[in-house]
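Report on one structure; see the data block that follows.
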Amino acid sequence: MSLLRDDHERRICEIRHIRVRSDKNLLRKLNQTKYLWLLFLPCLLYYVVFKYAPMFGIVISFKDYNLFKGIQESAWVGWKYYRMFFENPDFMKLMRNTLLLGVYNLAFGFPAPIVLAVLLNEVKHSFFKRFVQTVSYLPHFISNVVVASMVVMFLSPTGGILHELLKWFGAANANVMMEPEWFRTVYVASEIWQHAGWETIIYLAALTTIDPVLYEAADMDGAGRFRKLWHVTLPGIRPTIIILLILNIGKVLEIGFEKVFLLYNPATYETADIIGTYVYRVGLVQGNYSYATAIDLFMGIISLIFVIAANTISRRVGNTSIW
């Protein structure tokens with residue numbers, strides 16, 4: 001018994017020693033990377049204040065929230081507002097518009113920065129390469145309000161660029177901003193123009209990690225530019241592409257509310273009215289906060305399912321995933 005007790009005490013001492021040593025290593029690593037943590041601190045505070053702290057408010061989706069009574073005193077109503085949304089006559093239209101706009105934006109907007117990054121990587125003239133990069137980055141820093149105003153002016157049937165081009169070619173004038181079937185095209189095109197250049201930064205950084213020896217070996221094998229692109233460049237940035245694709249799939253239903261709100265009008269509600277604009281109307285305009293919160297929580301759950309499904313498929317097919 002004494003031997004067992006001594007062995008037990010020895011193991012406890014070893015565990016304590018390991019814990020103390022690991023704590024010291026952790027403190028030493030934190031001290032070595034303290035400046036990196038300071039750089040990360042604003043991002044952490046942003047997510048804590050604006051993303052995690054407000055999550056407590058989702059409880060009002062199960063209550064008949066009264067602004068004067070507060071969250072605690074408001075009556076519980078269970079799934080009332082979720083059923084109200086599912087039984088809404090506009091439910092299918094809102095889901096269709098949101099899903100189609102998100103899918104089109106993913107299908108055409110996601111490959112655009114990859115193509116631009118690959119093309120810039122092939123440019124040998126450094127001045128021209130930097131010039132194109134700068135020009136393509138600039139739209140990202142323009143406010144959505146300004147971008148929407150530019151789109152409206154460019155497509156104006158009275159003096160817009162499109163109007164002048166159609167008149168130059170002798171074609172009939174068209175008021176694109178009043179045509180429901182053109183809204184998705186206008187939105188996706190403006191998104192590509194505004195953000196494609198900025199998003200190339202990640203892919204250009206990934207391209208720099210490709211070993212130049214692989215290109216030299218491809219040259220020795222007689223591979224041309226296209227074959228080197230297909231067999232060296234794209235496989236080299238494939239993990240980056242997959243991870244960003246998974247993240248973008250999770251945002252398919254999170255279409256930017258601002259630009260849609262600024263570009264749509266009653267004439268284009270048929271294709272432009274999405275869940276984000278509907279939540280704005282019922283939540284902020286009509287003051288039905290519980291209903292708006294229920295819709296937003298429902299969309300968040302769907303987006304989470306999309307991310308998990310895309311990550312699982314990517315891990316099983318290509319052995320690349322976020323977790």
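Heads up: numbering here begins at 1 and tracks the sequence.
One hydrophobic cluster, built from ILVMFWY side chains closer than 4.5 Å, holds both V146 and V186. Hydrophobic clustering, with ILVMFWY side chains joined whenever heavy atoms are under 4.5 angstrom apart, keeps L36 apart from L38. Residues V285 and Y269 share a single hydrophobic cluster, defined by chaining ILVMFWY side chains whose heavy atoms lie under 4.5 Å apart. Hydrophobic clustering, with ILVMFWY side chains joined whenever heavy atoms are under 4.5 angstrom apart, keeps F183 apart from M178. Under a hydrophobic clustering in which Ile, Leu, Val, Met, Phe, Trp and Tyr are joined whenever their side-chain heavy atoms come within less than 4.5 Å, directly or via other members, V48 and Y46 fall into different clusters.
In this structure, a donor-acceptor pair under 3.5 Å is present between the side chains of N88 and Y291. Using modelled atom types and a 3.5 Å distance limit, the side chains of T293 and Y81 yield no donor-acceptor pair. A donor-acceptor contact under 3.5 angstrom links the side chains of S61 and Y82, judged on distance only. Using a 3.5 Å distance cut-off with no hydrogens or angles, the side chains of E270 and N97 do not pair a donor with an acceptor. Between the side chains of E199 and Y203, no donor N or O sits under 3.5 Å from an acceptor N or O.
Inter-residue side-chain proximity for I142 and W193 is flagged as met; some heavy-atom pair is nearer than 4.5 Å. At a threshold of 4.5 Å between non-hydrogen side-chain atoms, the residues N105 and R184 do not count as touching. The closest side-chain heavy-atom distance from Y137 to I201 is below 4.5 Å. Taking 4.5 Å as the limit, some side-chain heavy atom of V151 sits within range of a side-chain heavy atom of L155.
Shown here for Q194 and N144, the closest heavy-atom pair between the two residues is NE2-OD1, 3.2 Å.
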Could you walk me through whether T233 and Y215 satisfy the side chain to side chain donor-acceptor pair (under 3.5 Å) test, starting with their C-alpha distance in whole Å, then the side-chain angles of each, then the deciding distance to 0.1 Å, before giving a yes or no? CA-CA 9 Å; T233 303; Y215 289 105; 2.7 Å; yes

Could you walk me through whether V188 and E191 pass side chain to side chain contact (heavy atoms under 4.5 Å, CB included), step by step? CA-CA 5 Å; V188 173; E191 281 286 291; 5.6 Å; no

Under the criterion side chain to side chain contact (heavy atoms under 4.5 Å, CB included), I'd like the reasoning laid out for L94 against I274: C-alpha separation, chi angles, the key distance, then a yes or no. CA-CA 5 Å; L94 293 170; I274 61 173; 5.9 Å; no

Quick one, K259 with S190, criterion side chain to side chain contact (heavy atoms under 4.5 Å, CB included). Give me CA distance, side-chain angles, the key distance, then yes/no. CA-CA 9 Å; K259 188 177 290 184; S190 66; 3.4 Å; yes

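For Y47, the OH atom is loosely surrounded, since the number of other residues' heavy atoms within 6.0 Å does not exceed 12. Few gaps surround CD on E181; more than 12 heavy atoms of other groups in view lie less than 6.0 Å from it. For F108, the CZ atom sits in a loose shell: 12 or fewer heavy atoms of surrounding residues, nucleotides or ligands are nearer than 6.0 Å. Other residues, nucleotides and ligands contribute more than 12 heavy atoms inside 6.0 Å of the CD atom of E122.
Judged by the 6.0 Å and 45° rule, R281 forms no cation-pi pair with F257.
When atom types are taken as modelled, the side chain of D221 and the backbone of A223 share no donor-acceptor pair closer than 3.5 angstrom. S156 places no side-chain N or O within donor-acceptor distance of the main-chain N or O of V152, the cut-off being under 3.5 Å.
Salt-bridge check for D219 with K228: passed, with a basic side-chain N closer than 4.0 Å to an acidic carboxylate O.
A perpendicular orientation is assigned to the rings of F127 and H125, their planes being inclined by more than 60° (bins at 30° and 60°).
Here S74 pairs with K63, Y65, N66, K69 under the side chain to side chain contact (heavy atoms under 4.5 Å, CB included) rule; sequence neighbours left out.
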